[in-house]
A.B. asks: 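Questions regarding the structure given below will be posed in turn.
Below, all heavy atoms of this structure are taken into account, side chains as well, without hydrogens, waters or symmetry copies.
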Amino acid sequence: MIATGGGAALLAVPTVFAITRYKQLKSEPLPARKPGKSILPARHSSAFTSMNRLAGAQRSLYELTGVLLRSESIASEDILETTEVSYSAAAALTDMAADIVAMERAAESNTRAGAHLTSSISGAAAELEAGVDQYEELVEAAARLTSPAGMPSSAVAARRAELSSATDRLQGWAFALEELAEIRRRHP
């Protein structure tokens, strides 16, 4: 009995420590997920420059959200929301770039189709560029929050509001883009 009870107590101590550590880790926010490796369109594609800029902006935002989480200058829930919106917008932009590349391939394959697709390609490329501009505004707003700790609280609050506003604008833009894509799918 004593040997069995001692063995059980010996095994219970590490279990209690493991449960305590698990609860500690569970209460902390998860770090932002790292953006995946971007596959860029061919260099001659009208989507290449915008997608290259988007890949750089995604890397920058990932690094900045890590800095903001460690500095605790903004609530982790706000950073999580910003991160999720940025991933949603990046996915919509990537889908748009894939459509541009597909239209370019179709235009190259068939000259008759190419005559009709030229304006669609240039319009979609302009929308893609505008979306990347919006994404970069979000990165810029996040960068402004990483300023020195001696900044007045009113300036910090204004910069938090700016990040929130940039997140909302990007979210609205991504939602509108997804709605347009859905309409295009229904009515080819």
Side-chain angles (χ1 to χ4, degrees), residues 20-41 43 45-101 123-182:
T20 304
R21 179 70 179 145
Y22 170 74
K23 287 181 180 180
Q24 253 181 346
L25 290 174
K26 191 172 179 178
S27 68
E28 293 178 12
L30 291 174
R33 51 177 201 212
K34 194 171 187 175
K37 184 98 173 153
S38 299
I39 299 174
L40 298 175
R43 286 194 183 273
S45 173
S46 57
F48 175 78
T49 304
S50 295
M51 291 308 292
N52 194 27
R53 285 177 43 215
L54 178 64
Q58 284 181 292
R59 285 189 300 271
S60 295
L61 186 62
Y62 171 75
E63 297 296 336
L64 289 170
T65 54
V67 169
L68 292 174
L69 277 172
R70 287 188 295 278
S71 71
E72 297 178 353
S73 62
I74 188 168
S76 59
E77 296 83 23
D78 293 340
I79 293 174
L80 181 62
E81 178 189 359
T82 298
T83 303
E84 291 305 315
V85 166
S86 72
Y87 280 112
S88 173
L93 291 168
T94 302
D95 290 346
M96 179 179 269
D99 290 345
I100 291 171
V101 169
E127 284 182 34
L128 179 63
E129 189 170 340
V132 173
D133 288 342
Q134 192 74 40
Y135 196 99
E136 287 177 335
E137 285 181 25
L138 176 68
V139 175
E140 183 181 359
R144 284 193 194 108
L145 276 170
T146 61
S147 50
M151 193 166 62
S153 62
S154 61
V156 172
R159 290 183 179 179
R160 281 186 191 141
E162 186 180 327
L163 179 65
S164 178
S165 175
T167 302
D168 291 343
R169 284 192 313 269
L170 184 62
Q171 185 175 26
W173 184 89
F175 181 73
L177 189 61
E178 289 170 4
E179 286 293 314
L180 285 174
E182 184 62 33

A.B. asks: Looking at Ser60 and Val139, what are the two nearest heavy atoms and their distance?
C.D. replies: CB-CG1, 3.8 Å
A.B. asks: Please list, chain by chain and in numerical order, all residues satisfying side chain to side chain donor-acceptor pair (under 3.5 Å) with Glu81, sequence neighbours excluded.
C.D. replies: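 For Glu81, no residue satisfies side chain to side chain donor-acceptor pair (under 3.5 Å) once neighbours in sequence are set aside.
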A.B. asks: Rounded to the nearest 0.5 Å, how far does CG of Leu93 lie from OG of Ser86?
C.D. replies: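 So the gap between those two atoms works out to 11.0 Å.
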A.B. asks: How long is the straight-line distance from CG of Leu145 back to CG of Leu68, given to the nearest 0.5 Å?
C.D. replies: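 Those atoms lie 5.5 Å apart.
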A.B. asks: Rounded at 0.5 Å granularity, tell me how far CD in Gln171 sits from OG in Ser164.
C.D. replies: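 Here the rounded value is 10.0 Å.
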A.B. asks: Name all residues meeting the side-chain contact (heavy atoms from CB on, under 4.5 Å) criterion together with Ala130; count only those two or more places apart in sequence or in a different chain, and write none if there are none.
C.D. replies: none
A.B. asks: For Ala97, enumerate each residue passing the side-chain contact (heavy atoms from CB on, under 4.5 Å) test, keeping only those at least two apart in sequence or located in another chain.
C.D. replies: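 Listed in chain order: Ala47, Met51, Leu128.
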A.B. asks: Can you pull out every salt bridge (charged side-chain N to carboxylate O under 4.0 Å, His left out) where at least one residue sits in residues 165-174? Sequence neighbours excluded, please.
C.D. replies: Glu137-Arg169
A.B. asks: Determine the minimum heavy-atom distance between Tyr135 and Ala57, stating which atoms define it.
C.D. replies: CD2-CB, 3.5 Å
A.B. asks: Kindly compute the distance separating CG (Leu54) from CE (Met96), expressed to the nearest 0.5 Å.
C.D. replies: 12.0 Å
A.B. asks: Rounded to the nearest 0.5 Å, what's the gap from OG1 on Thr65 to CZ on Arg70? Could you check?
C.D. replies: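 So the gap between those two atoms works out to 9.0 Å.
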A.B. asks: Suppose we screen for side chain to side chain donor-acceptor pair (under 3.5 Å). Which residues come up paired with Thr167, at least two apart in sequence or across chains?
C.D. replies: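 Residues passing side chain to side chain donor-acceptor pair (under 3.5 Å) with Thr167: Thr82.
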A.B. asks: Are the side chain of Thr94 and the backbone of Ala90 linked by a donor-acceptor contact shorter than 3.5 Å?
C.D. replies: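 Yes: the side chain of Thr94 pairs with the backbone of Ala90.
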A.B. asks: Could I get the full list of side-chain contact (heavy atoms from CB on, under 4.5 Å) partners for Ser46, not counting sequence neighbours?
C.D. replies: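 For Ser46 the side-chain contact (heavy atoms from CB on, under 4.5 Å) partners, ignoring immediate neighbours, are Ile100, Glu104, Ile121, Ala125.
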A.B. asks: Check whether any side-chain heavy atom of Leu138 lies under 4.5 Å from a side-chain heavy atom of Leu163, and answer yes or no.
C.D. replies: yes
A.B. asks: Any side-chain heavy atom of Tyr62 within less than 4.5 Å of one from Thr83?
C.D. replies: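 Side chain of Tyr62 against side chain of Thr83, heavy atoms only: no contact under 4.5 Å found.
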A.B. asks: Can you list every pair that meets salt bridge (charged side-chain N to carboxylate O under 4.0 Å, His left out) and has a residue in residues 50-69, with sequence neighbours left out?
C.D. replies: Arg53-Asp133, Arg53-Glu136
A.B. asks: Looking at every non-hydrogen atom in both residues, tell me the closest pair between Ser45 and Val101 and how far apart they are.
C.D. replies: OG-CG2, 3.8 Å
